[in-house]
Q: 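Handing you a structure now.
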Amino acid sequence: MNPKFEKLGFYPAGVLLPKDADMTKWAVVACDQFTSQPSYWQAVEDTVGDAPSTLRLILPEARLNDPDVDGHIAAINDSMQRYLDQGVFRELPESLIYIERTQSDGRIRRGLIGMVDLEQYDFTPGSGALIRATEGTVLSRIPPRVRVRQDAPVELPHVMLLIDDPDRTVIEPLAAASGEMEKLYDFDLQQGGGHLAGWRLTAAQTDAAAEALAGLCTEAEMERKYGMKGAAPLLFAVGDGNHSLATAKQCYENLKKVTPEAEWAALPARYALVEVVNNHDSALTFEPIHRVVFGVEPEKLLEAFKACYPGAHEGEGEGHTVAYTYAGRTGFVTVPQPRVQLAVGTLQAFLDDYVKANGGEVDYIHGDAVTDELGAKPGNIGFKLPAMGKEQLFKTVMADGVLPRKTFSMGHAQDKRYYVEARKIK
């Protein structure tokens, strides 16, 4: 492996791409999207037909609880092996791939594809790992995903890692230099996913990317950006696909139990393919996820919210301000001198305790109008949270460990990663 990457937990990878395929049919959206819309996945099925496609290599999570899920998993593994045996793939050794994704809004999001060392990733809150989860990992979601991955000969990633690169030193310089690279693909994505183009970095560009990444995790940089001297460096924060990466980690940990330690470094499953995106990419948007509490007395809940925090009061003010709606009433509660970085953390900590003690159910809602509509129904109350500034993400993970669950959504469903690249993990 390229020694310049040794201290980064990120490396060029042996990337598999189809030799000769209709790329629009080949690429499909991340498996955890459109889970409540079977018509979407049926449209993908109709588009793909019998053509080679990543649809045959993934399990849409809409089917994760099917009675014949074991049969689906076996068919996926068979398809992976058949594609390998029949020469559907070509392999690009030791490669980084620069990509430009034209989103449904027309903006271009830039990324860099390589692989991460799972020894350098930890989803435990408060971890000092180079690669960390941004939100709490729901452990119950991992075992069913392990069943999909554990016997698979290849992986296809929808993991997106973020770097905090305000000076745009890593990915953005590649945009002007793509003419020096080998173009790998350039095609429209199906089902309104926009457009995708990818290029393979030259050896010199690969080395330059390593040097730029190393510059992001120095002690001086940690102090400059986060005001923390001597803190463990955070280079990559998981933006999308945390449970997918946690599954890869669990499969690797399982293998370690039956593999001599001297052989761990050679295990292909020690690594996972990812896309790296700059948190400061102008095409990347963070949207708040609101809360609606069902089956409660709104007035009592509001009074308990204010009583929970010293000095909390009606109306907008200094501190964390949260909007509420119930039974035709709207207003704000402000919590001064909050103990955590984000308003969502202040609200979620209260709601968790309140629902546990008094009953009710919390749901997580996208969009102001839907939150107002649901919150106005009898026995409900809706809370609208301010959008988290992108500049707060790394600072909050450094200070608080992880964000509260369901803090933000990164773009719309059709703009999530599409499966294109693969990698051997056996």
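Quantities reported herein were computed from a predicted structural model and do not represent experimental measurements.
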Q: Can you find a pair of side-chain heavy atoms, one from Lys384 and one from Val322, that are under 4.5 Å apart?
A: no
Q: Is Asn2 reaching over with its side chain to a backbone N or O of Lys4, donor-acceptor style, under 3.5 angstrom?
A: yes
Q: Check Gly9 against Leu130 and note the closest heavy-atom contact, atom names and distance.
A: N-CD1, 4.2 Å
Q: Give a yes or no on whether Lys256 atom NZ has more than 12 heavy-atom contacts from other residues, nucleotides or ligands under 6.0 Å away.
A: yes
Q: Do Thr169 and Asp167 meet the criterion of a side-chain donor-acceptor pair at a distance under 3.5 Å?
A: no
Q: Are the side chain of Asn278 and the backbone N or O of Asp165 linked by a donor-acceptor pair below 3.5 Å?
A: yes
Q: Between Arg110 and Leu174, is there a side-chain heavy-atom distance shorter than 4.5 Å?
A: no
Q: Over 60° means perpendicular and under 30° means parallel, so tell me whether Tyr40 and Phe34 are parallel, tilted or perpendicular.
A: parallel
Q: Strictly below 4.0 Å, N to O, side chains only: are Glu221 and Lys225 in salt-bridge contact?
A: yes
Q: Looking only at heavy atoms, what is the nearest atom pair of Pro338 and Thr346, with distance?
A: CB-OG1, 4.0 Å
Q: Given salt bridge (charged side-chain N to carboxylate O under 4.0 Å, His left out), test Glu219 with Lys229 step by step and report yes or no.
A: CA-CA 7 Å; Glu219 184 173 336; Lys229 193 166 186 174; 5.8 Å; no
Q: How far apart are the closest heavy atoms of Arg107 and Thr285, and which atoms are they?
A: NH2-CG2, 3.1 Å
Q: Do Val159 and Asn242 have side chains that approach each other closer than 4.5 Å (heavy atoms only, starting at C-beta)?
A: no
Q: Check this for me: Arg339, atom CZ, are more than 12 non-hydrogen atoms of other residues, nucleotides or ligands nearer than 6.0 Å?
A: no
Q: Report the C-alpha distance between Val362 and Val292 in whole Å, list the side-chain angles of each, state the deciding distance to 0.1 Å, and finish with yes or no for side-chain contact (heavy atoms from CB on, under 4.5 Å).
A: CA-CA 6 Å; Val362 181; Val292 173; over 6 Å; no
Q: Counting C-beta onward and ignoring hydrogens, is there a side-chain heavy-atom pair between Leu96 and Phe5 closer than 4.5 Å?
A: yes
Q: Can you list the steps and then say if Tyr185 with Glu421 is a side chain to side chain donor-acceptor pair (under 3.5 Å)?
A: CA-CA 11 Å; Tyr185 49 74; Glu421 299 82 8; 2.4 Å; yes
Q: Are the side chains of Val397 and Leu234 in contact, using a 4.5 Å heavy-atom criterion?
A: yes
Q: Test side chain to side chain donor-acceptor pair (under 3.5 Å) on Gln191 and Thr47 and set out the steps.
A: CA-CA 9 Å; Gln191 314 306 325; Thr47 298; 3.1 Å; yes
Q: What distance separates Leu201 CG from Ile113 CD1, expressed to the nearest 0.5 Å?
A: 11.0 Å
Q: Would you name the heavy atoms of Ile142 and Gln250 that are closest together and state the gap between them?
A: CG2-CB, 4.1 Å
Q: Knowing that exactly one of Val333, Leu351, Val344, Thr371 qualifies, which makes a side chain to side chain contact (heavy atoms under 4.5 Å, CB included) with Phe383?
A: Leu351
Q: Hey, mind stepping through Ile163 and Leu213 against side-chain contact (heavy atoms from CB on, under 4.5 Å) and telling me if it holds?
A: CA-CA 9 Å; Ile163 52 174; Leu213 284 168; 4.2 Å; yes
Q: Give the intermediate values and the outcome of salt bridge (charged side-chain N to carboxylate O under 4.0 Å, His left out) for residues Asp70 and Arg147.
A: CA-CA 8 Å; Asp70 289 337; Arg147 289 165 59 199; 2.5 Å; yes
Q: Quick check: closest heavy atoms across Leu84 and Pro153, and the distance to 0.1 Å?
A: CD1-CB, 4.0 Å
Q: If you compare all heavy atoms of Arg224 against all heavy atoms of Pro166, which two are closest, and at what distance to 0.1 Å?
A: NH2-CG, 4.5 Å
Q: Supply the atom-to-atom distance Ile97 CD1 to Leu112 CG, rounded to the nearest 0.5 angstrom.
A: 9.0 Å
Q: What's the separation between atom CG in Leu273 and atom CE in Met115, rounded to the nearest 0.5 Å?
A: 8.5 Å
Q: Does any non-hydrogen side-chain atom of Ser244 lie less than 4.5 Å from one of His158?
A: yes
Q: A quick test of your reading: do over 12 heavy atoms of other residues, nucleotides or ligands sit less than 6.0 Å from CG of Asp46?
A: yes
Q: For residues Asp368 and His290, is any side-chain donor paired with an opposing acceptor at under 3.5 Å?
A: yes
Q: Is there a ring pair (Phe, Tyr, Trp, His ring centres under 6.0 Å) between Tyr271 and Trp264? Walk through the geometry before answering.
A: CA-CA 11 Å; Tyr271 303 90; Trp264 290 356; over 10 Å; no
Q: Are any of the side-chain nitrogens in Lys406 or Glu135 under 4.0 Å away from the carboxylate oxygens of its partner?
A: no
Q: Report the C-alpha distance between Asp117 and Arg270 in whole Å, list the side-chain angles of each, state the deciding distance to 0.1 Å, and finish with yes or no for salt bridge (charged side-chain N to carboxylate O under 4.0 Å, His left out).
A: CA-CA 6 Å; Asp117 182 355; Arg270 174 171 171 158; 2.9 Å; yes
Q: Is a side-chain donor or acceptor of Tyr419 paired with a backbone partner of Cys31 at a separation under 3.5 angstrom?
A: yes
Q: Heavy-atom count around Asp20 CG within 6.0 Å, excluding the residue itself: above 12?
A: no
Q: Hey, does Gln81 have a side-chain heavy atom less than 4.5 Å from the side chain of Val154?
A: no
Q: Compare all side-chain heavy atoms of Asp105 with those of His412 and state whether any distance is below 4.5 angstrom.
A: no
Q: Before accepting this row, confirm whether a basic side-chain N of the pair Asp240/Arg417 lies closer than 4.0 Å to the acidic partner's carboxylate O.
A: no
Q: Using a strict cut-off of less than 4.0 Å between a Lys/Arg side-chain nitrogen and an Asp/Glu carboxylate oxygen, indicate whether Glu61 and Arg145 qualify as a salt bridge.
A: yes
Q: Regarding Arg109 and Asp415, does a basic nitrogen lie under 4.0 Å from an acidic carboxylate oxygen?
A: no
Q: Return the CG to CG distance between Leu162 and Leu284, rounded to the nearest 0.5 Å.
A: 6.0 Å
Q: Supply the atom-to-atom distance Asp22 CG to Phe187 CZ, rounded to the nearest 0.5 angstrom.
A: 9.0 Å
Q: For the salt bridge (charged side-chain N to carboxylate O under 4.0 Å, His left out) test, which of Lys424, Arg423, Arg200 pairs with Glu91?
A: Lys424
Q: Go through it in stages, so that I can follow the logic: the residues are Thr24 and Asp188, the test is side chain to side chain donor-acceptor pair (under 3.5 Å), and I'd like the CA-CA distance, side-chain angles, deciding distance and then a yes or no.
A: CA-CA 6 Å; Thr24 298; Asp188 289 332; over 6 Å; no
Q: In this structure, which one of Tyr324, Phe332, Phe350 forms a ring-ring contact (aromatic ring centres under 6.0 Å, His included) with Phe305?
A: Phe350
Q: Run the side chain to side chain donor-acceptor pair (under 3.5 Å) check on Tyr121 and Glu119 step by step: do they pass?
A: CA-CA 6 Å; Tyr121 160 68; Glu119 287 283 0; over 6 Å; no
Q: Check Lys249 with Glu253, please: is the shortest side-chain N to carboxylate O separation under 4.0 Å?
A: yes
Q: Roughly how far apart are Glu263 CD and Leu255 CG, rounded to 0.5 Å?
A: 11.0 Å
Q: Could you check whether Asp32 pairs with Lys416 (Lys NZ or Arg NE/NH1/NH2 to Asp/Glu carboxylate O, under 4.0 Å)?
A: no
Q: Main chain of Ala177, side chain of Tyr98: is a donor-acceptor contact present, judged purely on distance under 3.5 Å?
A: no
